[in-house]
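Notes for the one structure printed next.
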2 protein chains.
Amino acid sequence: MFRGFSTLSVDSKGRLAVPSRHRERLSSETGGCLVLTLNPMDRSLWLYPLIEWEFIETKLAELSDFDKQGRRTKQMMRGYATDCQLDAQGRILIPQELRDYAQLKKQAVILGQGNKFEIWDKAAWKEQRDQWLEQIGDDSGEPSDALRSLSL
Amino acid sequence: MFRGFSTLSVDSKGRLAVPSRHRERLSSETGGCLVLTLNPMDRSLWLYPLIEWEFIETKLAELSDFDKQGRRTKQMMRGYATDCQLDAQGRILIPQELRDYAQLKKQAVILGQGNKFEIWDKAAWKEQRDQWLEQIGDDSGEPSDALRSLSL
DNA sequence: GGTAATTGTGGGTAATTGTGGGTAAAACAA
DNA sequence: TTGTTTTACCCACAATTACCCACAATTACC
């Protein structure tokens with residue numbers, strides 16, 4: 001399971017260095033083959049080891065074309081899925097199109113999220129985070145049932 | 001179960017010494033692997049032995065991506081979960097990002113909380129504590145049913 | 001109360017990691 | 001083809017982190 005947080009910079013060529021503590025796993029897991037695609041829920045990117053992505057892909061294939069949300073999710077995630085590999089310095093090259101989607105500027109953050117990594121523009125992430133923290137903090141909102149029964 | 005209170009200092013490199021009476025348990029429990037993450041309820045940090053964290057992680061993994069609150073909770077807790085180990089002096093290095101989140105200055109406190117430790121900035125903790133004591137004391141707030149049936 | 005052991009704190013140094021940029025190969029367009 | 005842009009590969013520097021060692025403060029013990 002991937003976890004953890006790092007602040008990183010996207011250089012002028014659109015490259016992003018994966019934190020070193022994750023490199024070995026990423027380069028061994030599927031011969032170093034990775035898949036980068038967009039996160040349809042947020043303006044951020046997802047980075048999967050190929051083997052994990054293939055599993056996702058089969059699940060996507062099962063989504064009905066007659067359900068609008070399902071169709072769109074499929075289109076987006078598959079359509080933007082880009083193969084990539086770590087270079088000798090442990091970086092990946094993020095295509096222009098995906099950089100635009102996630103509105104990546106110079107500063108980015110990368111978050112371990114179980115079977116994948118999530119990549120955000122730093123400012124956008126902070127905004128999201130603070131918004132969420134506010135919601136958790138005030139007790140006015142209704143936590144979902146799943147959350148209500150969660151003891152950490 | 002962890003319990004107890006200690007005042008400690010965070011040095012200029014962001015290191016925090018775990019009280020010695022807890023070291024042995026922390027370094028033996030899961031080969032010394034620990035996970036440090038943020039406490040989404042308060043501006044403080046949680047320190048889990050890896051084995052305890054993994055249990056939390058599986059619970060988080062079950063939350064749906066299509067429920068916004070669940071998704072955010074997952075993102076935050078996993079995203080900020082940082083692997084760490086005690087160094088030769090029994091300290092952990094707290095990443096800048098987490099220090100900022102918990103607003104840790106020079107003085108910190110660490111509280112045993114069952115399956116984990118909670119780490120606060122000392123001043124922030126005192127403030128919180130006094131505030132809570134006031135609230136608990138006056139009977140204006142509505143205690144939940146669970147609390148109502150609690151005999152201490 | 002005095003001494004010895006343990007614990008908490010600080011800092012130096014070496015290794016690792018993150019970042020930037022140069023150059024050559026490859027892809028693409030005209 | 002030729003010229004232009006993009007990508008891959010390499011090298012180098014700066015910042016961070018891990019690993020030591022040393023001292024001060026605290027605690028335990030006689």
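Naming: A, B, ... by sequence-line order, numbering from 1 per chain.
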Can you list the steps and then say if A:W46 with A:Q113 is a side chain to side chain contact (heavy atoms under 4.5 Å, CB included)? CA-CA 9 Å; A:W46 279 339; A:Q113 287 295 323; 5.8 Å; no
Does any donor atom in the side chain of B:R72 or B:Q69 lie under 3.5 Å from an acceptor atom in the other side chain? no
D:dA12 - base-pair partner by Watson-Crick or wobble geometry, distances under 3.5 Å: C:dT19
pair_partner(D:dT27), Watson-Crick or wobble, both distances < 3.5 Å, evaluates to C:dA4
Under a criterion of less than 4.0 angstrom to any heavy atom of chain A, what are the 5'-terminal and 3'-terminal contacting nucleotides of DNA chain D? D:dT7 to D:dC11
How does each nucleotide of nucleotides 12-22 of chain C score, in 5' to 3' order, for protein heavy atoms under 4.0 Å: base (B), sugar-phosphate only (S), or none (-)? B----SSBBBB
Taking all non-hydrogen atoms of both residues into account, name the closest pair between B:I51 and B:T30 and its distance. N-OG1, 3.4 Å
Starting at the 5' end of DNA chain D, which residue's closest nucleotide do you reach first, B:P95 or B:D87? B:P95
Tell me whether [X] shares a hydrophobic cluster with [Y], the cluster being built from Ile, Leu, Val, Met, Phe, Trp, Tyr side chains joined at under 4.5 Å.
X: A:L36; Y: A:L16; value: yes
X: A:L47; Y: A:Y80; value: yes
X: A:L50; Y: A:F117; value: no

Does A:D65 come within less than 4.0 Å of A:K74, counting only side-chain N to carboxylate O? yes
B:F55 versus B:N115: any side-chain heavy-atom pair under 4.5 Å? no
